[in-house]
Amino acid sequence: MDLLFTSSFPASCQNSSNLTALCPDNQTANSTPPALVNPPGFGMSYFTMTLGALSNLTALAILAHSYASFRRRAKVPFLLLASALLFSDLAGHVITGSLALHLHLGRLKHHEAAVVAEPPQVYCKLFGGCMVFFGLCPLLLGSAMAVERCIGITQPLLHPAVVTMTRVRLTVLVITFTALTLAGLPLINVGNYKAQFPGTWCFLPVNGPLSIADASLALAFSTLGLITLTVSVVSNTVSGLKLLQARFKDRCVKSSVTRRHGSFSSSSLRSLDVEMMTQLAAITVVSCLCWSPFLIYILISVSRFYEGIRRPRRQCEKLLLLALRLASWNQIMDPWVYILLRRAVLRRLLQLLQPERVGLTQSSSYRDSHRKQISLH
């Protein structure tokens, strides 16, 4: 959902008797007509679009290498879900960005004209459907990843039987079908997609008069997104507490025989859990920071419409555009979680922060391997 090509222009707001803190009214109905859109600078837009595409491709390459390394381990379901997440981010970034760029160039072309025409309805429906689909898929996939890791950490013996590759693939299909269904309802005249301020993107109408179908779809999108964020936060919190509890138990174990026979496999699995939990925690934080303003704004806007509260429309449209721009950064930040928060990078960071501890650990592992070679001879 790359909408960094959108640009705002000054416009007037209608005066309203009931003003809200969310959308202050700073203009009157008798102000001058809105100015035409100014020619925007495309340097930053091209840069962010290129950065997002390259970042997602790099992260997908890293996950492909990890999949080849951990083909027989419990990390494979997580890698499949993560790959689906990055692929949806990449597709959403490129497709919606291209659609927005086409509208943006059209407005730039008609800059000298007296009237700037809105995008065709068919084009707007396609654009709006892509916005909803590629907006919901990453949120649903992130929630599924959090639930999968919660089961793997809290119920490690039950995890192989419950989280199979067949069920993971089925989950991806169900998520895709759910997002596609909600995005496709306006295409069969259940609700509608509308060109949004400043005319360079299309989405479900959330400001102004709303039909029952439009309000229901907007509430469904917002509620579903907030539920997925809540599930991710709760699942990651439970998993993190379980990992802390396991670490405290490991510190209480003093028997050298237990460490010699079981420490290597448990520490290897534990390091995988820590790596995946670190990535999940970062994904959850990024998703909450990027998506919460947009989802909460939609929920409040539709709720206040049902309550009969009138608001200055132009200011609210600018707030919606600002929230959307923040949400679009989620597709740029997600791949950097997998690029930076890998075990190799974390191990190198640990070496920089605690070189003495790392050196001591390596020397102890060397002594253990040397003792094993002596015992074999």
Side-chain angles (χ1 to χ4, degrees), residues 1-9 37 40 42 45-46 48-49 52-53 56 87-111 115-140 176 178-208 210-211 213-218 220-222 224-225 290-291 294-295 297-298 301-302 316-332:
M1 236 170 64
D2 182 17
L3 267 295
L4 298 174
F5 291 102
T6 55
S7 64
S8 59
F9 54 90
V37 61
F42 289 98
S45 299
Y46 283 135
T48 53
M49 189 173 183
N56 280 280
F87 184 78
S88 66
D89 280 342
L90 175 63
H93 193 85
V94 174
I95 294 175
T96 59
S98 301
L99 294 173
L101 177 60
H102 176 75
L103 293 182
H104 205 152
L105 293 176
R107 295 188 70 86
L108 184 62
K109 179 180 179 181
H110 296 86
H111 172 64
V115 178
V116 179
E118 291 188 354
Q121 185 63 26
V122 176
Y123 189 92
C124 200
K125 285 186 176 182
L126 175 63
F127 196 173
C130 292
M131 291 285 293
V132 173
F133 177 77
F134 291 115
L136 282 179
C137 278
L139 293 173
L140 293 171
T176 304
T178 301
L180 190 61
T181 300
L182 187 60
L185 287 177
L187 302 181
I188 56 176
N189 297 324
V190 180
N192 194 18
Y193 290 115
K194 180 182 177 182
Q196 303 291 332
F197 174 82
T200 54
W201 63 292
C202 299
F203 194 68
L204 298 168
V206 296
N207 294 314
L210 302 176
S211 65
D214 291 336
S216 300
L217 287 177
F221 178 86
S222 176
L224 186 58
C290 292
W291 275 103
F294 186 69
L295 297 174
Y297 176 86
I298 294 175
S301 180
V302 177
C316 294
E317 289 176 341
K318 290 182 179 180
L319 285 177
L320 180 64
L321 178 62
L322 180 62
L324 177 69
R325 285 172 173 171
L326 182 61
S328 66
W329 275 94
N330 183 73
Q331 295 172 329
I332 300 177

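Contact check for Val132 versus Leu204: side-chain heavy atoms found under the 4.5 Å cut-off. Taking 4.5 Å as the limit, every side-chain heavy atom of Leu182 sits out of range of all side-chain heavy atoms of Phe133. Residues Ser301 and Cys316 form no side-chain contact, since every pair of their non-hydrogen atoms from C-beta on lies 4.5 Å or further apart. Taking the side chain as every heavy atom from C-beta outward, Tyr123 and Leu103 approach each other to under 4.5 Å.
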Using residues 186-197 as the side-chain source, report each donor-acceptor pair under 3.5 Å to any protein atom, sequence neighbours left out, with the distance given to one decimal.
residue: Asn192; atom: OD1; partner: Gln121; partner atom: NE2; Å: 2.9
residue: Tyr193; atom: OH; partner: Ala183; partner atom: O; Å: 2.6
residue: Gln196; atom: NE2; partner: Lys194; partner atom: O; Å: 3.3
residue: Gln196; atom: NE2; partner: Phe203; partner atom: O; Å: 3.3

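The main-chain N or O of Arg325 is found under 3.5 Å from a side-chain atom of Ser328 such that the two form a donor-acceptor pair. Here the side chain of Asn56 pairs a donor or acceptor atom with the backbone of Gln331 at under 3.5 angstrom. The backbone N or O of Ala218 sits nowhere less than 3.5 Å from a side-chain atom of Ser222 that would complete a donor-acceptor pair.
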* Is there a side-chain contact (heavy atoms from CB on, under 4.5 Å) between Leu321 and Trp201 once you walk through the steps? -> CA-CA 9 Å; Leu321 178 62; Trp201 63 292; 3.7 Å; yes

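Of the inter-residue distances, the one linking His93 atom NE2 with Ser98 atom OG reads 9.5 Å to the nearest 0.5 angstrom. The distance from atom CG of Leu224 to atom CG of Leu140, rounded to the nearest 0.5 Å, is 5.0 Å. To the nearest 0.5 Å, atoms CZ (Phe221) and OG (Ser216) are separated by 15.0 Å. Here Cys290 contributes atom SG and Leu295 contributes atom CG; the two are 11.0 Å apart, rounded to the nearest 0.5 Å. Between the CD1 atom in Ile95 and the CZ atom in Phe134 there is a gap of 4.0 Å [rounded to 0.5 Å].
Counting all heavy atoms, side chain and backbone alike, Ala327 lies closest to Phe294 at CB-CB, 4.3 Å. Shown here for Leu136 and Ala179, the closest heavy-atom pair between the two residues is CB-CB, 4.0 Å. Summarising the geometry of Pro205 relative to Leu210, their closest heavy-atom pair is O-CD2, 3.2 Å, with the distance given to 0.1 Å. Nearest heavy-atom pair across Val94 and Ala53 is CG2-CB, 4.5 Å.
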